[in-house]
Amino acid sequence: MESLAVGDPLIDAQHRAFFDEVGAVVLALADGASRAVVQRFHRDFIISLARHFRDEELLLARIHYPDLDHHQAEHRALMASVTALAEILASADSLAEMMVVVRNTITTLIEHMALEDMRYRRYVSQPQAERW
């Protein structure tokens, strides 16, 4: 997880919390959680993700990240993807199907963190004069 740290305490804490939440729902699924439990997790995850994206975009604006527009577009695409998974979850008939939705949700998030968030990490840790 530390390899995905961006250097901002709030953003890094939110990233860790996502992994904790996913771990909890995976354990719940292993114990036979109901669709309602997984749907509640997914709904709460979407709310947390929207808050995280807002916080991250505020950080990127504050540090004058030059690819902010691109990053915001990535956030919109990721949110659309995760929201679409909620529709699939609503019709899931088995634990296996619910697990696929959870797995796709976290995979999408990890890919974003590993590819997109790592692009701005150096801007967080550098003094503004060195960013240009």
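Predicted model only: the values in this text are computed from it and were never measured.
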How many angstroms lie between NE2 in His42 and CD in Glu21, if you round to the nearest 0.5 Å? 11.5 Å
Could you verify whether a donor N or O on one side chain and an acceptor N or O on the other, from His75 and Glu116, lie under 3.5 Å apart? no
Using side chain to side chain contact (heavy atoms under 4.5 Å, CB included), reason through Glu56 and Val6 one step at a time and then give a plain yes or no. CA-CA 10 Å; Glu56 191 172 74; Val6 298; 5.5 Å; no
Would you compute the distance between atom OH of Tyr65 and atom CD of Glu57 and round it to the nearest 0.5 angstrom? 12.0 Å
Would you sort out whether Leu49 and Ile46 count as a side chain to side chain contact (heavy atoms under 4.5 Å, CB included), showing the intermediate values? CA-CA 5 Å; Leu49 192 61; Ile46 289 171; 5.5 Å; no
Treating Ile, Leu, Val, Met, Phe, Trp and Tyr as nodes and any side-chain heavy-atom pair under 4.5 angstrom as an edge, say whether Leu78 and Phe45 lie in one connected cluster. yes
How close do Met118 and Ala114 get, heavy atom to heavy atom, and via which atoms? CG-O, 3.3 Å
Asp93 backbone acceptor or donor facing Arg35 side chain under 3.5 Å: no
Would a hydrophobic clustering, with Ile, Leu, Val, Met, Phe, Trp and Tyr connected at side-chain separations under 4.5 Å, put Val37 with Met99? no
Walk me through whether His15 and His52 qualify under side chain to side chain contact (heavy atoms under 4.5 Å, CB included). CA-CA 8 Å; His15 285 172; His52 168 69; 3.2 Å; yes
Going hydrophobic residue to hydrophobic residue with side-chain gaps under 4.5 angstrom, can you get from Met98 over to Val22? yes
Specify the closest pair of heavy atoms between Leu95 and Gly32, including all atoms of both residues, with the distance to one decimal. CD1-CA, 3.7 Å
Checking the side chain of Arg121 only, and the main-chain atoms of Ala5 only, is there a donor and an acceptor separated by less than 3.5 Å? yes
Under the criterion side chain to side chain contact (heavy atoms under 4.5 Å, CB included), I'd like the reasoning laid out for Arg51 against Ile47: C-alpha separation, chi angles, the key distance, then a yes or no. CA-CA 6 Å; Arg51 184 178 322 114; Ile47 292 167; 3.6 Å; yes
Please tell me whether Val82 and Ile110 are part of a single hydrophobic cluster in this structure, the criterion being side-chain heavy atoms less than 4.5 Å apart. yes
Distance col, row Thr105:OG1 vs Phe18:CZ, nearest 0.5 angstrom, shows 11.5 Å
Phe19 side chain near Leu4 side chain, heavy-atom distance below 4.5 Å: yes
Report yes or no: does Ser48 contribute a side-chain atom to a donor-acceptor pair with the main-chain N or O of Asp44 at less than 3.5 Å? yes
Closest non-hydrogen atom pair, Asp12 against Gly7: OD2-N, 3.0 Å
Value rounded to 0.5 Å, distance of NE2 in His70 from OH in Tyr120: 13.0 Å
From OH (Tyr123) to CG (Asp67), nearest 0.5 Å: 6.5 Å
Out of curiosity, Thr83 OG1 to Ile88 CD1, how far, rounded to the nearest 0.5 Å? 11.5 Å
Please find out if less than 6.0 Å separates the ring center of His112 from that of His71. yes
Pairwise side-chain contact, Leu109 with Met113, heavy-atom cut-off 4.5 Å (strictly under): yes
Has the side chain of Asp8 got a donor or acceptor atom that lies under 3.5 Å from a matching backbone atom of Ile11? yes
Taking a hydrophobic cluster as the set of Ile, Leu, Val, Met, Phe, Trp and Tyr residues connected by side-chain heavy atoms closer than 4.5 Å, whether directly or through intermediates, do Val26 and Ile106 fall within one such cluster? yes
